[in-house]
Amino acid sequence: MSTPKNPEKHASYLPKEKKSKKPFHDTPNLDELEKGPWPSFVTGLKRLAMESDMMVDLLGQLEHSYNTRLGYWKGGTLSVFGYGGGIIPRFSEVGDMFPESKEFHTLRVQPAPANHYSTDMLRQLSNSWNKYGSGLIAFHGQTGNIMFIGAKSDQVQHFFDEINEYGWDLGGAGPCVRTAMACVGSGRCEMSNLDEQRIHRELVNNFMDDMHRPALPYKFKFKVSGCANDCMNSIQRSDFSVIGTWRDDMKVDQEEWKKYVAEKGRQHVHDNIISRCPTSALTLNDDDTLEVNNKDCVRCMHCLNVVPKALSPGDDKGATILIGGKRTLKIGDLFGTVVIPFKKLDTDEDHEELVELAEEIIDFWAENGLEHERCGEMIDRIGLANFLEGIGVDVDPNMVAHPRTSNYVRMDKWDEEAAKWEERKKAG
Amino acid sequence: MAEEKAKPRMPIESGCPDGFQYMHPTMLKNYGNWDYHEHVRPGVLKHVAKSGDELYTVKVGTQRQLGPYEINLLCDIIDQYADGHVRFTLRGTMEIPVADASKVDALVEAITDAGYPIGGTANSVTFISHTQGWLHCDIPGTDASGVVKSMMDELYDEFTHEEMPNRVHITTSCCQINCGGQGDIAINVQHTKPPKINHDLVSNVCERPSVVARCPVAAIRPAMVNGRPSLEVDEKKCICCGACFPPCPPMQINDAEHTKIAIWVGGKNSNARSKPMFHKLVAAGIPNNAPRWPEAAAIVKKILACYKEDAKDWERIGDWIERIGWPRFFEMTELPFTRFHIDNWRGARHTLNASAHIRF
């Protein structure tokens with residue numbers, strides 16, 4: 001076991017003397033969370049409290065929560081000039097006991113796609129936040145924001161003005177387009193089929209008005225994953241999920257593949273790769289080469305994950321778009337489901353079409369969604385076919401796990417609909 | 001002049017900033033042209049570009065909430081031992097890219113020396129993605145930061161080693177809205193009693209029709225209580241989900257005793273092999289036992305031990321249970337199977353076994 005050495009030895013990074021005026025509250029519960037090998041957030045809070053009365057009382061309130069097992073923050077209304085959202089106001093219900101932290105607001109700030117930073121920029125953000133806020137930053141919130149936790153009401157505007165001048169903008173809070181997320185993708189990963197950096201910014205930056213001035217039925221999230229490994233959990237966690245894929249044949253470097261078979265043995269290859277293919281699209285030939293039935297392959301990524309040196313995505317890359325993923329509230333969890341099986345994303349026009357699709361979907365949902373109804377819940381209520389008609393997208397068998405099993409449906413327009421299919425087939 | 005000074009500054013609606021300006025130069029140069037990757041050791045990845053360029057990534061577990069002391073310490077290490085760039089994963093680990101292979105060992109040593117664990121890659125238990133909890137949320141039933149710190153202390157070796165059948169993503173959520181998302185194992189608050197209503201406050205604080213509309217089971221209705229407009233809950237219908245609490249704080253759902261922890265397993269975001277899966281309930285009624293949550297930790301460790309012992313390579317927890325079946329899962333983990341495991345929400349019949357497929 002690798003035992004971390006005492007971080008306290010890095011003395012130059014620790015506050016030397018207690019500058020905060022308030023004495024520390026007793027925090028026996030929180031003190032327990034300073035033990036153990038994992039870095040302790042409590043130790044971090046205590047370091048801040050050496051210099052800040054606000055953090056002394058924040059620790060006091062947190063300890064109070066640990067004692068009573070209840071939370072004591074209430075929301076409110078607070079924003080910066082020109083915006084209607086992006087701040088999470090927090091007022092303490094036990095402000096009498098802990099007056100210095102009775103206002104403890106969070107600013108949600110959008111990071112760059114895939115959360116890249118230079119150390120210079122991290123320091124600059126940290127310095128600005130030290131000046132106006134608690135100094136405490138969460139990298140990152142579950143939607144993907146940088147969370148600047150702990151500012152008094154009169155400091156929020158100053159902090160925003162300062163970081164906004166050097167390139168940072170607020171994220172979403174409330175019924176609006178939310179901060180987006182993208183995987184590291186093309187920046188470092190050979191599995192990527194997309195320009196995640198571009199797609200993330202194109203999509204979300206087109207909707208800044210819908211982010212900063214909340215007026216939609218509820219939240220709307222974009223997430224971009226470069227392949228079906230979906231490291232951004234976009235199918236489960238976003239209203240608009242962009243997942244990289246390819247439609248030509250996957251690439252097999254037979255020499256590298258044979259090296260792998262020789263190293264691991266045929267049994268291992270059968271047990272871990274061939275038999276794990278969900279559509280039985282792989283065959284290990286007698287000469288140890290790999291045969292792929294690309295017509296059956298669903299681009300699930302398993303075999304590429306196991307042998308990344310030998311197996312790669314094809315060249316004809318693009319995206320699958322799934323709509324309507326969300327968590328529990330209100331009707332229960334929903335996966336996003338396929339609305340565009342394959343979207344080429346090579347040219348500027350391709351990218352414009354993707355943004356137009358997002359506009360179409362958000363407009364339709366803004367018009368037809370009920371208050372506090374996510375896009376996926378609206379689709380659940382009105383049916384996918386009606387949603388597709390509303391956004392002008394043709395039906396496709398890739399959109400269903402299987403056709404309907406219930407005959408409770410009126411189908412007197414069958415001939416008309418069948419003719420549409422034939423027409424599209426003719427048009428290619 | 002006073003008026004001049006008071007004139008507010010208009011925001012620059014710049015939106016999401018350009019990521020290329022912060023990207024490591026090797027990432028920038030080889031953007032979209034990577035060839036393959038290798039696992040050097042737990043916590044260290046090697047990516048090779050088509051140009052032949054190499055990039056090493058050292059993955060670091062942190063507190064997630066960082067102050068200036070932590071940020072300056074980590075940034076100084078990154079500047080001295082790596083290349084001045086860093087990124088964060090969605091689970092809250094730091095990834096430090098470094099181009100020169102000869103720098104990796106010294107970087108790992110400096111990070112370890114500063115008290116930060118290296119790991120979370122490949123088939124390890126990676127960092128637990130978590131929510132705000134008592135530190136900052138307005139509706140939390142527990143403190144995610146504390147749960148995560150307690151669990152990661154227990155699972156430290158599993159973070160720093162790659163000894164699981166496949167990767168394990170654990171999540172926590174402080175209420176049933178479940179901001180933590182889907183997990184191979186999810187440690188989530190589960191309320192067990194209806195909200196306690198402060199009728200004196202409802203009419204002033206809550207927009208009553210929106211609260212009524214928010215209830216998933218239509219258990220809330222407007223009512224006059226003590227001569228004031230308020231809301232009442234049909235407690236027979238109420239599923240104790242807490243959805244009414246955010247729009248109406250006088251409907252307190254949290255309770256020191258009755259707010260419990262439930263554990264769910266088998267969520268999977270990846271499309272690899274099987275389609276993505278939601279996590280399923282396996283244990284509930286677990287005490288919300290701050291500051292260390294030992295009962296929840298014991299169940300998580302038991303599930304992980306069974307999975308580690310029994311699953312085949314590459315099987316995620318959800319894949320593993322699909323192979324061995326739920327009866328065997330409950331037998332191995334020694335968890336009780338109850339009527340509450342049988343879903344009764346919409347679509348529930350699709351979760352039942354409509355076949356003669358029984359394992360003996």
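All chains are named by letter (A, B, ...) in the order of the sequence lines, taking the proteins before the strands, and each is independently numbered beginning at 1. Here the structure is a predicted model, which means the values were calculated and not measured. Quick note: numbers below take in every heavy atom, side chains included, and nothing from hydrogens, waters or symmetry partners.
Contact check on A:Arg123 versus B:Asp76 returns a salt bridge, with a Lys/Arg side-chain nitrogen under 4.0 Å from an Asp/Glu carboxylate oxygen.
Contact tally against chain A (heavy-atom pairs below 4.5 Å) for B:Ala49, B:Ala256, B:Gly347, B:Cys174: the top residue is B:Ala256. Between chain B and the residues A:Cys231, A:Ser312, A:Cys183, A:Pro15, the most heavy-atom pairs under 4.5 angstrom are made by A:Pro15.
B:Pro17 approaches A:Pro111 most closely through the heavy-atom pair CD-O, 3.7 Å. Nearest heavy-atom pair, A:Leu70 versus B:Asp255, reported as atom, atom and distance to 0.1 Å: CD2-N, 3.9 Å.
A:Phe41 and B:Trp134 have their aromatic ring centers separated by at least 6.0 angstrom.
Ring pair A:Trp38/B:Phe159 is perpendicular by interplanar angle, where above 60° counts as perpendicular and below 30° as parallel. Using cut-offs of 30° and 60° on the angle between ring planes, the pair B:His136 and A:Trp73 is tilted.
Between B:Gln182 and A:Asp333, the closest side-chain pair of non-hydrogen atoms falls below 4.5 Å. Between B:Cys179 and A:Arg327, every side-chain heavy-atom pair lies at or beyond the 4.5 Å cut-off. Looking only at side-chain heavy atoms (C-beta outward), A:Leu136 and B:Leu135 come within less than 4.5 Å of each other. Side-chain contact check for A:Val184 versus B:Thr89: every heavy-atom pair is 4.5 Å or farther apart. For the pair A:His372/B:Ser210, no side-chain contact is recorded, criterion being any heavy-atom separation below 4.5 Å from C-beta on. Under the 4.5 Å side-chain criterion, counting only non-hydrogen atoms from C-beta, A:Ile273 is not in contact with B:Trp314. Proximity of A:Ile88 to B:Gln132: side-chain heavy atoms (C-beta onward) are nowhere separated by under 4.5 Å. You'll find the side chain of A:Thr328 stays beyond 4.5 Å of the side chain of B:Gln176, heavy atoms only.
Looking at B:Arg346, only its side chain comes within 4.5 Å of chain A, counting heavy atoms on both sides. Looking at B:Ile177, both its backbone and its side chain come within 4.5 Å of chain A, counting heavy atoms on both sides.
Checked by atom type and distance alone, the side chain of B:Arg273 never pairs as donor or acceptor with a backbone atom of A:Cys277 at under 3.5 Å.
Applying the salt bridge (Lys or Arg N to Asp or Glu O under 4.0 Å) test to every pair with at least one member in residues 13-35 of chain B, sequence neighbours left out, gives these pairs: A:Arg213-B:Glu13, B:Lys29-B:Asp53.
Screening A:Lys309, A:Glu190, A:Arg188 for a side-chain hydrogen bond (donor to acceptor under 3.5 Å, both in side chains) involving B:His37 leaves a single residue, A:Glu190.
Donor-acceptor pairing under 3.5 Å is recorded for the side chains of B:Tyr31 and A:Asp195.
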Does B:Arg292 form a side chain to side chain donor-acceptor pair (under 3.5 Å) with A:Asn29? I'd like the steps, not just the answer. CA-CA 9 Å; B:Arg292 279 279 172 185; A:Asn29 279 300; over 6 Å; no

